[in-house]
2 protein chains.
Amino acid sequence: MNSKDERPTKFRRSTSTRDTIMKAIIDWPGHFSAEELSGSLPSVSRASVFRTLAALQESTLICRVLVDGGTTRYRFGGGQHHHHLVCLECGEIQDIPDCDADEFSRRIASRHGYTIASHQLELYGYCSNCKTLD
Amino acid sequence: MNSKDERPTKFRRSTSTRDTIMKAIIDWPGHFSAEELSGSLPSVSRASVFRTLAALQESTLICRVLVDGGTTRYRFGGGQHHHHLVCLECGEIQDIPDCDADEFSRRIASRHGYTIASHQLELYGYCSNCKTLD
DNA sequence: CATTAATTGAGACTTTATCTCAATAGTGTA
DNA sequence: TACACTATTGAGATAAAGTCTCAATTAATG
């Protein structure tokens with residue numbers, strides 16, 4: 001249950017490996033999977049890519065999108081908490097800037113005696129382009 | 001990209017293997033993972049368990065919970081569309097009977113030109129038991 | 001009973017991610 | 001600058017979760 005390979009909550013040293021990864025993440029157009037990112041950086045080991053991605057998530061410097069079916073995609077930035085619209089046809093991902101789910105989740109939480117730590121909301125459907133193609 | 005092993009949208013024959021799986025699902029107290037279910041049924045192959053689970057999801061006879069971190073748990077029933085409260089301490093999962101997210105997601109969708117097909121919402125936090133233990 | 005197609009089992013395979021551990025390389029201090 | 005300390009890395013093993021293949025079985029139909 002406990003990981004020996006402790007994942008860093010923050011970076012304590014700046015390294016060229018991480019610079020390489022960060023640059024690739026920042027420059028990436030749109031969303032990417034861990035595998036795509038790793039594949040684009042043959043000089044960096046997969047483990048380092050995953051470690052960096054994990055650390056960045058904790059610091060909310062990247063946002064994570066759970067695509068229906070279980071795949072995970074990332075994007076640099078996103079800034080504050082937000083959600084996504086995922087097109088089931090073309091895979092496009094749009095950010096939903098405002099999170100209306102906060103007030104909603106608070107209401108639910110008090111009704112069930114829960115203290116909410118976080119929530120996960122993604123909307124799946126068809127973007128304006130794809131829905132006209134049927 | 002295309003699956004050769006076509007997953008059934010509905011069952012066309014009734015078999016004893018499926019009866020065994022169904023009984024186990026129905027009798028399972030609380031939520032279970034595919035692996036737990038399969039492990040409890042040594043006479044049934046893993047593939048059949050996964051196939052049955054997939055088919056049941058399409059018919060909404062079981063509900064699927066995405067636990068934070070990426071694991072998936074299931075439960076028989078649930079009936080109509082709903083969401084979950086997941087306790088990050090003890091793992092307890094509570095159903096949220098009403099889905100207030102529908103109207104919310106419609107609003108978002110029209111704002112972004114999307115047609116919504118489905119959505120995924122889970123709340124994570126601490127149940128009334130666990131939050132007093134800090 | 002014979003035919004036909006759905007279903008199954010077993011195990012190989014895939015994908016995504018984590019772990020191990022020795023080697024490497026930042027950083028603060030002497 | 002050199003040293004010591006420890007964070008970080010790479011490479012490959014391993015793990016978790018699920019899918020695929022395909023031959024064998026078996027339910028349903030006539």
Side-chain angles (χ1 to χ4, degrees), chain A residues 1-25 28 31-59 61-62 64-75 91, chain B residues 1-25 31-59 61-62 64-75 91 120:
Chain A
M1 198 60 66
N2 280 316
S3 161
K4 289 283 177 49
D5 187 10
E6 214 160 298
R7 265 171 287 156
T9 305
K10 66 177 62 162
F11 304 123
R12 300 168 198 218
R13 291 181 185 172
S14 80
T15 67
S16 68
T17 297
R18 200 142 51 215
D19 286 351
T20 304
I21 299 173
M22 287 305 295
K23 181 157 177 13
I25 289 177
W28 200 283
H31 293 75
F32 55 89
S33 68
E35 222 58 51
E36 286 168 350
L37 179 60
S38 179
S40 80
L41 298 171
S43 69
V44 176
S45 78
R46 274 168 40 81
S48 291
V49 169
F50 277 98
R51 279 187 288 236
T52 301
L53 240 25
L56 289 175
Q57 274 175 79
E58 293 183 27
S59 61
L61 275 172
I62 57 171
R64 186 174 58 136
V65 187
L66 293 186
V67 178
D68 212 15
T71 61
T72 304
R73 301 186 70 75
Y74 305 88
R75 175 169 80 75
Chain B
M1 197 60 65
N2 280 316
S3 162
K4 291 283 177 48
D5 188 10
E6 214 162 297
R7 265 173 284 157
T9 306
K10 66 176 61 162
F11 304 123
R12 298 168 198 219
R13 290 181 184 171
S14 80
T15 68
S16 67
T17 296
R18 201 142 51 213
D19 286 351
T20 304
I21 298 173
M22 287 305 295
K23 182 160 175 13
I25 289 177
H31 293 75
F32 55 88
S33 67
E35 222 58 53
E36 286 168 350
L37 179 61
S38 179
S40 80
L41 298 171
S43 69
V44 176
S45 79
R46 270 168 42 83
S48 291
V49 169
F50 277 98
R51 279 187 287 236
T52 302
L53 241 25
L56 288 175
Q57 275 175 80
E58 293 183 28
S59 62
L61 276 172
I62 58 172
R64 186 174 58 136
V65 187
L66 294 186
V67 178
D68 213 15
T71 61
T72 305
R73 301 186 71 75
Y74 304 89
R75 175 169 81 73
Q120 159 69 34

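Chain identifiers are assigned alphabetically (A, B, ...) following the order of the sequence lines, protein sequences preceding nucleic acid strands; residue numbering begins at 1 within each chain.
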Figure out the [atom1]/[atom2] separation between [X] and [N], and round it to whole Å.
| X | N | atom1 | atom2 | answer |
| --- | --- | --- | --- | --- |
| A:Arg46 | D:dT8 | CZ | C1' | 18 Å |
| A:Phe50 | C:dA17 | CZ | C1' | 5 Å |
| B:Met22 | C:dT8 | CE | P | 12 Å |
| A:Phe11 | D:dT6 | CZ | P | 21 Å |
| A:Arg12 | D:dC5 | CZ | C1' | 14 Å |
| A:Arg13 | C:dT24 | CZ | P | 16 Å |
| A:Leu53 | D:dT9 | CG | P | 13 Å |
| B:Leu56 | C:dT7 | CG | P | 12 Å |

Does B:Arg51 make a side-chain donor-acceptor contact with the base of C:dG9, cut-off 3.5 Å?
-> yes

[N], OP1 or OP2 - any side-chain N/O from [X] closer than 4.0 Å?
| X | N | result |
| --- | --- | --- |
| B:Arg18 | C:dT8 | yes |
| B:Thr17 | C:dG9 | yes |
| A:Thr15 | D:dT9 | yes |
| A:Ser48 | D:dG10 | yes |

Please classify the nucleic acid contact of [X] as base, sugar-phosphate, or nothing, using heavy-atom distances under 4.0 Å.
| X | value |
| --- | --- |
| B:Thr72 | sugar-phosphate |
| B:Ser43 | sugar-phosphate |
| A:Ser33 | nothing |
| B:Ser14 | sugar-phosphate |

Non-hydrogen atoms of B:Ala34 and B:Leu53 that approach each other most closely | CB-CD2, 3.7 Å

Can you tell if the side chain of A:Trp28 reaches within under 4.5 Å of the side chain of A:Ser40, non-hydrogen atoms only?
-> yes

